[in-house]
Participant: 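I have a structure here, written as structure tokens, and I will follow up with some questions on it.
Chain identifiers are assigned alphabetically (A, B, ...) following the order of the sequence lines, protein sequences preceding nucleic acid strands; residue numbering begins at 1 within each chain. Just so it is clear, the values below take in all heavy atoms, side chains as well, and ignore hydrogens, waters and symmetry mates. Only a predicted model underlies this, so the values are computations on that prediction, with no experimental measurement involved.
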Amino acid sequence: MSAGTLPEARGRAREEIVAVPVRHPGRWVTIAVIAVLAAMLAHTLVTNPRFQWGVVGQYFLSQAILSGLVRTIELTAVAMALGILLGVVLAIMRLSPNPVLSRASWGYIWFFRGTPVLVQIILWYNLSALFPRLSFGVPFGPAFVSGSLNSIITPFVASVLGLGLAEAAYMAEIVRAGILSVDKGQHHAAAALGMGRLLVMRRIVLPQAMRVIVPPTGNETISMLKTTSLVSVISFQELLYSAQLIYARNYETIPLLLVASLWYLAATTVLSGLQVLVERRAGRGWSSRGTAPGALRRMFMGGGTVQP
Amino acid sequence: MAGENVTRQEQQTTAQAPPPGSGSNPPMVLSEGVHKRYGRTEVLKGIDLEVPRGTVCCVIGPSGSGKSTFLRCINHLEKIEAGRLWVDGQLVGYAERGGRLHERRDREVARMRRDIGMVFQHFNLFPHLTARENVMEAPVRVRRMPKDQARNVAGELLARVGMASWADRYPGQLSGGQQQRVAIARALAMRPKLMLFDEPTSALDPELVGEVLEVMKALANDGMTMIVVTHEMGFAREVADTVVFMDEGVIVEEGPPHELLTRPKHERCRAFLSKVL
């Protein structure tokens, strides 16, 4: 290359490029199809009288539905808390050098992941058929406290056990994957500083594993919120069962199912927002480069990744 | 089994060699016939080495020669299968009672590691903590130092490695050389009596190697006992008191840098040096 051509080339590079953009006819077709489908949906929602939006509005804020919603949220929180705590314990057991602990954890996961949650809920509810009395005492020896199992296993207790214990099996696998995702060098570095096994787990490994654990845990929580509707079969008055009790009396089945669905949607939307906030916190040290727009803003304001 | 091997070795060695901890001034590191296997592969085939206090020992050799493995045996990140290893007169990983070796509990091993600093090839900083928090973590959690005091200590150490103005950055926001300097500060925060460096500059861009070596030189000049696995022959020549050439799990040659690096006696050592110098 001769020295003379270089400045000329640079000069041309400084001109702003005015190019004919690539056309995307396919995009316009898909937009048209989706617009038509959306219009049809809107039309039927507005014009079909059998949706009975008046009845929906009448029951949307009724006492029975709202207390059902509160119970659904309570049950979700308690069952998830049980699932997460037990899941962390099971995951640490599964990764323990002690083979008995590891196998025990495997066996738990095998059983609770291998049977349907609905069956587990009904089983817990009917546990008194198997063990009429519950006693605390010396194994195979005398009992100190004893009571009728039927009075202990209320619908709420059966629901928490059925949902929480099954959840623990899934959470254990999520937490285990998170722990294994942390680089071995982190264990070595922490151990070389004289930190003990549990301290390394608590201060170094689990905080980093959170980055991997949090997103699926958010999904599990959202899934749990909806799965709580299963306990309507043992007549625990959560959101769905509250709606069912009303339409059993007035036969307004569709409007009341719509009321329940709208509340489920509202609750899962709030949870999705919380999930984004928690994920950002767990991603500390990874996502803090520069000032990229927050995930929440991307989600609700749009922009950022959208191509013009 | 590992235990039997150690016991057999012990019967051979204890007869002629009294435990070096009994002397008034034992060497910082003493290794006798150290063996290490991974499955059937023997990685270390009898390492004998003495590192006196306040000296710098550079370990060189081709990759796969067992340099890093030996380093990790010194703070018991790896278990040895035979031989004996003492740090500051204390047997590493085992306690000798009544003529038998007892494995040490995790807690005892952790206590021993507090006094041995280690710096890794890939830094291994804690990515969820800032530079300052990385340095503070072990003093606060392990030595139970009050947080305010640990913060001051961390500030001083980060200043010493030239990272004072980066104290609140996360490792992901630092260059490799900066991360390695923070890693050195983190190790120094435990006031170790011995520092182990496992190829501290091998993962760095060439222009960042110098800043890390400068910190290590300053540390050596302050009288720190250091064992450095490295490919930096210039550093070895300038700073080391002893250079050790390892190949295929054995120490082939050992000597002062000006001799070993310029007039190696062994053919394998000569061949290696001709490739790297």
Side-chain angles (χ1 to χ4, degrees), chain A residues 88 92-93 95-102 175 177-215 217 277-292 294-295, chain B residues 68 71-72 74-78 105-131 133-144 168-174 179 182-183 186-192 194-198 203:
Chain A
V88 170
I92 292 176
M93 279 172 66
L95 295 170
S96 157
N98 179 341
V100 177
L101 284 183
S102 173
V175 173
I179 291 173
L180 290 178
S181 77
V182 176
D183 181 38
K184 264 238 169 314
Q186 294 289 311
H187 292 266
H188 292 154
L193 287 166
M195 298 172 80
R197 243 172 60 86
L198 281 179
L199 189 61
V200 173
M201 191 54 84
R202 187 165 61 84
R203 293 285 308 170
I204 305 301
V205 176
L206 279 179
Q208 293 183 57
M210 289 310 268
R211 198 170 52 108
V212 173
I213 293 172
V214 163
T217 303
L277 294 178
V278 178
E279 266 174 42
R280 205 185 306 164
R281 166 81 185 157
R284 219 170 11 148
W286 283 272
S287 55
S288 58
R289 284 161 208 256
T291 51
Chain B
S68 294
L71 204 65
R72 294 149 60 85
I74 296 173
N75 65 357
H76 207 53
L77 283 178
E78 302 281 359
R105 297 182 165 281
D106 286 353
R107 199 180 306 155
E108 296 172 301
V109 173
R111 191 169 306 139
M112 181 209 73
R113 286 182 183 140
R114 290 177 193 179
D115 301 326
I116 305 175
M118 189 163 197
V119 173
F120 299 84
Q121 181 177 359
H122 296 288
F123 332 133
N124 296 353
L125 287 180
F126 307 133
H128 59 302
L129 302 177
T130 63
E133 289 166 342
N134 263 278
V135 180
M136 287 169 62
E137 182 68 16
V140 170
R141 301 285 158 184
V142 179
R143 292 237 193 260
R144 309 230 164 266
D168 295 315
R169 300 291 184 96
Y170 286 97
Q173 299 167 313
L174 302 175
Q179 288 190 54
V182 173
R186 177 177 70 175
L188 291 176
M190 292 298 279
R191 304 206 170 283
L194 167 69
M195 284 284 284
L196 308 174
F197 292 85
D198 188 3

Participant: If you count heavy-atom pairs within less than 4.5 Å of chain B, which of A:Gly196, A:Ala192, A:Ala190 leads?
Facilitator: A:Ala192
Participant: Do you know which two heavy atoms are closest between B:Leu196 and B:Leu71, and how far apart they sit?
Facilitator: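 So the minimum-distance heavy-atom pair works out to CD1-O, 3.7 Å.
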Participant: Which region of B:Ala138, side chain (C-beta onward) or backbone (N, CA, C, O), has a non-hydrogen atom less than 4.5 Å from a non-hydrogen atom of chain A, or is it both or neither?
Facilitator: side chain
Participant: Would one find more than 12 heavy atoms of other residues, nucleotides or ligands at under 6.0 Å from atom CZ of B:Arg191?
Facilitator: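 Check fails, neighbour count at 12 or below.
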Participant: With only heavy atoms counted, which part of B:Arg72 is less than 4.5 Å from chain A, the side chain, the backbone, both or neither?
Facilitator: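 Side chain only.
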Participant: Could you report the tightest heavy-atom contact between B:Asn75 and B:Arg113, atom names first, then the distance?
Facilitator: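 So the minimum-distance heavy-atom pair works out to O-NE, 2.8 Å.
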Participant: Side chain, backbone, both or neither: which part of B:Phe126 has a non-hydrogen atom closer than 4.5 Å to chain A?
Facilitator: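 For B:Phe126, the contact with chain A is made by backbone and side chain together.
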Participant: State whether the side chain of A:Gln186 and the backbone N or O of B:Leu125 hold a donor-acceptor pair below 3.5 Å, judged by distance alone.
Facilitator: yes
Participant: For A:Met93 versus A:Leu101, what's the shortest heavy-atom pair and its separation?
Facilitator: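 Heavy-atom minimum between the residues: CE-O, 3.6 Å.
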Participant: Sort B:Glu137 into side chain, backbone, both or neither according to what part of it lies under 4.5 angstrom from a heavy atom of chain A.
Facilitator: side chain
Participant: Compare every heavy atom of A:Ile213 with every heavy atom of A:Gly178, then report the nearest pair and how far apart it is.
Facilitator: CA-CG1, 3.9 Å
Participant: Given that the side chain runs from C-beta out, which part of A:Leu199 has a heavy atom under 4.5 Å from chain B: side chain, backbone, both or neither?
Facilitator: side chain
Participant: Hey, is the main chain of B:Arg105 close enough, under 3.5 Å, to the side chain of B:Glu108 for a donor-acceptor pair?
Facilitator: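 Yes; judged by distance alone, with no hydrogens or angles, the pair exists.
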Participant: Report which part of B:Arg107 has an atom under 4.5 Å of a heavy atom belonging to chain A: side chain, backbone, both, or neither.
Facilitator: neither
Participant: Under a 4.5 Å heavy-atom cutoff, which of A:Arg197, A:His187, A:His188 has the most pairs with chain B?
Facilitator: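 Among A:Arg197, A:His187, A:His188, the one with the most close pairs to chain B is A:His188.
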Participant: Would you mind telling me which of B:Arg186, B:Met118, B:Arg111 has the largest number of heavy-atom pairs within less than 4.5 Å of chain A?
Facilitator: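 Heavy-atom pairs under 4.5 Å are most numerous for B:Arg186.
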Participant: By a 4.5 Å heavy-atom criterion (distance strictly below it), what part of B:Leu77 contacts chain A: side chain, backbone, both, or neither?
Facilitator: side chain
